[in-house]
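Structure record follows, encoded as structure tokens.
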Number of protein chains: 2
Amino acid sequence: MTTATLVPVFAALGDETRWSILAALGEGDASASALAARMPVTRQAIAKHLAVLQEVGLVEPVRVGREVRFRVLGSQLSETARRLDEIGAEWERRLAAIKQIAESL
Amino acid sequence: MTTATLVPVFAALGDETRWSILAALGEGDASASALAARMPVTRQAIAKHLAVLQEVGLVEPVRVGREVRFRVLGSQLSETARRLDEIGAEWERRLAAIKQIAESL
DNA sequence: GCGATATGCAACCATGGCATTGCACATCGA
DNA sequence: TCGATGTGCAATGCCATGGTTGCATATCGC
């Protein structure tokens with residue numbers, strides 16, 4: 001996973017409604033209609049959010065008869081967390097180095 | 001750090017320009033003007049991005065005479081990564097449990 | 001003091017994103 | 001078959017966001 005593919009993932013995670021959807025899916029796969037039934041937004045709104053989440057690989061569609069259930073992919077989330085942690089660690093190393101240089105002056 | 005404060009952080013990280021700024025700041029503290037000098041956007045645009053980054057605690061202002069340098073806070077990034085990893089792990093546990101139930105049928 | 005540089009604030013514009021409604025199409029069940 | 005349910009697509013409205021320009025203000029160096 002490169003930084004380029006990482007940014008859209010964060011953009012996807014930067015929305016409350018999508019977190020609600022992810023949380024709901026965490027309790028079991030569900031269709032857009034099923035999600036809309038217990039959330040204060042339209043089915044179409046949910047469908048768009050699901051499209052976004054699918055685009056960045058956070059969710060996966062599973063066709064079951066006439067309905068399309070969505071499954072949350074926790075691995076993608078862990079992967080993202082790992083990359084983020086690497087970046088944070090890298091910056092902390094740099095900052096520590098700078099600080100040491102400053103103290104040795 | 002709660003989930004409520006977490007979402008804005010992701011929203012902040014969901015922008016290419018802001019990543020450019022963070023990357024630039026990773027090589028040393030810099031002011032909005034200094035950043036604007038080596039980036040294809042206006043100083044004011046940079047200033048707005050810095051305000052957003054500061055709002056979510058990813059960056060910290062340091063007044064130096066008449067200029068305001070910004071320092072990137074890697075710890076906040078690591079903190080975010082940790083929370084994200086926890087959430088991902090939680091979902092993977094749930095999914096594993098569901099899978100096991102399904103297999104035992 | 002004065003010019004140069006850095007910042008701050010406000011107005012403005014364009015684009016994109018979130019959400020809506022409306023309608024057409026597919027599929028399940030009685 | 002026919003009604004009910006689930007999905008897909010398109011048009012639209014609205015507001016937030018990213019970006020710009022312009023101007024006022026503060027501070028440094030000479």
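In what follows, chains carry the letters A, B, and so on, assigned in the order in which the sequence lines appear, proteins first and then strands, with residues in each chain numbered from 1.
Look at CG on A:D29: it is 16 Å from P on D:dG6, rounded to the nearest Å. The distance from atom CD of B:E55 to atom P of D:dA16 is 15 Å, rounded to the nearest whole Å. As rounded to whole Å, 15 Å separates atom C1' of D:dT20 from atom CE of B:M39. In this structure, the CD1 atom of B:I46 is 16 Å from the C1' atom of C:dG8, given to the nearest Å. If you measure from atom CZ of A:R69 to atom P of C:dC28, you get 12 Å, rounded to the nearest angstrom. Look at CZ on B:F70: it is 12 Å from C1' on C:dG8, rounded to the nearest Å. Rounded to whole angstrom, the span from the CG atom of A:D15 across to the P atom of C:dG16 amounts to 18 Å. Regarding A:L13, its CG atom lies at a distance of 12 Å from the P atom of C:dC18, rounded to whole Å.
Comparing A:G65 and B:K48 by the nucleotide of DNA chain C whose heavy atom lies nearest to each, the residue mapping closer to the 5' end is B:K48. Position along DNA chain D of the nearest nucleotide to A:A47 versus B:V64 favours A:A47 as the more 5'-ward residue.
Proximity note for B:R43 (side chain, C-beta onward) versus C:dG8, C:dA19, D:dT20: the nearest is C:dG8. Checked against D:dT7, C:dC9, C:dA6, the side chain of B:E67 finds its nearest nucleotide in C:dA6. Here the side chain of B:Q44 is nearest to one of C:dC18, C:dG8, D:dG6, namely C:dG8. For B:A45, the listed nucleotide lying nearest its side chain is D:dT20; candidates were D:dT20, C:dT7, C:dC18. Nearest nucleotide to the B:T17 side chain, out of D:dG6, D:dA11, D:dG19: D:dG19. Distance from the side chain of B:V68 is smallest to C:dG8 among C:dG8, C:dA6, D:dG19.
A donor-acceptor contact under 3.5 Å is formed by the side chain of A:R66 with the base of D:dT5.
Salt bridge A:R94/A:E90: present, at least one basic N to carboxylate O contact under 4.0 Å. A salt bridge is absent between A:E16 and A:R18: the closest approach of a Lys/Arg side-chain nitrogen to an acidic carboxylate oxygen does not fall below 4.0 angstrom. Taking the charged nitrogens against the carboxylate oxygens, B:E27 and B:R71 have no contact shorter than 4.0 Å, which rules out a salt bridge.
Within the model, atoms CG of B:L50 and CD1 of B:I46 stand 7.0 Å from one another, a figure rounded to the nearest 0.5 Å.
Distances shorter than 4.0 Å separate some side-chain N or O of A:S33 from OP1 or OP2 on D:dT7. Note on A:H49: a side-chain N or O is less than 4.0 Å away from OP1 or OP2 of C:dA19. Taking 4.0 angstrom as the limit, A:T42 places a side-chain polar atom (N or O) nearer than this to OP1 or OP2 of C:dT20.
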### Message
Show, in sequence, the C-alpha distance, side-chain angles and deciding distance for A:K48 and A:E55, and conclude whether the salt bridge (Lys or Arg N to Asp or Glu O under 4.0 Å) test is met.
### Response
CA-CA 10 Å; A:K48 286 187 186 178; A:E55 190 75 20; over 6 Å; no
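Side-chain contact between A:I21 and A:M39 is present, with heavy atoms from C-beta onward closer than 4.5 Å.
Among the heavy atoms of the strands lying under 4.0 Å from A:R18 are primed sugar atoms or P, OP1, OP2 only; no base atom is included.
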